[in-house]
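Notes for the one structure printed next.
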Amino acid sequence: MDKCSFDNFKRTKDCLICIDSDGCAMDTMDIKHKHCFGPCMVREWGLEAHEKAVLDIWNEVNLYTMTRGTNRFKGLLLTMQLCGERGICHVEGYEEIRAWVDKASALSNTTLKAEIEDAEKEKRDCNALKKALDWSLRTNECIAALPEDEMLPFDGMIEKLEKMHEFADVAVVSSANPEAVRSEWNRHGLVSHIDIMLTQEVGPKSFCIKKMLEYGYDKDKVIMIGDAPGDRKSAEKTGVKFFPILVNHEVESWDRFMNEGLEKFTGAGFDEAYQNDINKAFDENLGEA
Ligand SMILES: [Mg+2]
């Protein structure tokens, strides 16, 4: 059965658990950033002489601080900016890419391609945009070529999903592309323990959660589990609860949810104080004191 649309979904429980994929259920963030995004930037802009420092900044921005999980083009800009501010190196084209990021309605390869076509028609300089697109496409190729056996779910995910599924409907809510999420969740047998899989083409995470709420769940009985500040924002925007998976402590975080959070969430005790407590741990883990 196709679980990737609302057509086949039926609410069967009072509770709904929404789970992000990359870096939350699937241990795929580190490898994508450390092997693909950062190294492809170094290659595209010829920054080999400063490779380690640039990669450290890339990882800081995209994995270990409050900008974790940000859009790739925003991550690129911030990395360029910090490379300059910290006196590591000047990365060509910041202003041009900034101007596009500030005005674009959506930040994707498709919208970037369209902007380059417009610029060429109007004979505007767009070398930096071409570089950004080239980098983004090469990064996608690099990710597609990553060995499947290094893109695994976090330990014990199947058992955890199985257990959650006894108490709640389970939805994957991810901003990754549908093919990647579908193939990862199928390959590892996770898909049989979920009810619906909502990805990039459905809409932003907050939109997906809002659509799920239309099935009649009480907001108090809906939770988003995620590893990035954007996941928390989507929960706050829709008025549902949030449980953070802490980077570098993912399995411990999941264990805490299974041993403590799940019972509070399905029963009682997942109150404001508890939410504040786990939010604080999330902020601290991303360097926000
Ligand atoms: Mg994530």
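Just follow the structure's listing: the first ligand is 1, and inside any ligand the first atom is 1.
Nearest N, O or S atom of Asp22 to the Mg ion (ligand 1): atom O. Of all the N, O or S atoms in Asp227, the one closest to the Mg ion (ligand 1) is OD1. Of all N, O or S atoms in Asp20, the one lying closest to the Mg ion (ligand 1) is OD2.
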key: Glu288/Arg232 under salt bridge (charged side-chain N to carboxylate O under 4.0 Å, His left out): CA gap, chis, key distance, verdict   = CA-CA 15 Å; Glu288 197 88 337; Arg232 179 165 66 191; over 6 Å; no

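At least one cation-pi condition fails for Arg72 and Phe37: the charged atom is not both under 6.0 angstrom from the six-membered ring centre and inside a 45 degree cone around its axis.
Under a 4.0 Å N-O distance rule, the pair Lys103/Asp118 does not qualify as a salt bridge.
Not a single N/O/S atom of Asp231, whether from backbone or side chain, sits less than 2.8 Å from the Mg ion (ligand 1).
With hydrogens and angles left out, the side-chain atoms of Asp169 and Thr12 include a donor and acceptor closer than 3.5 Å.
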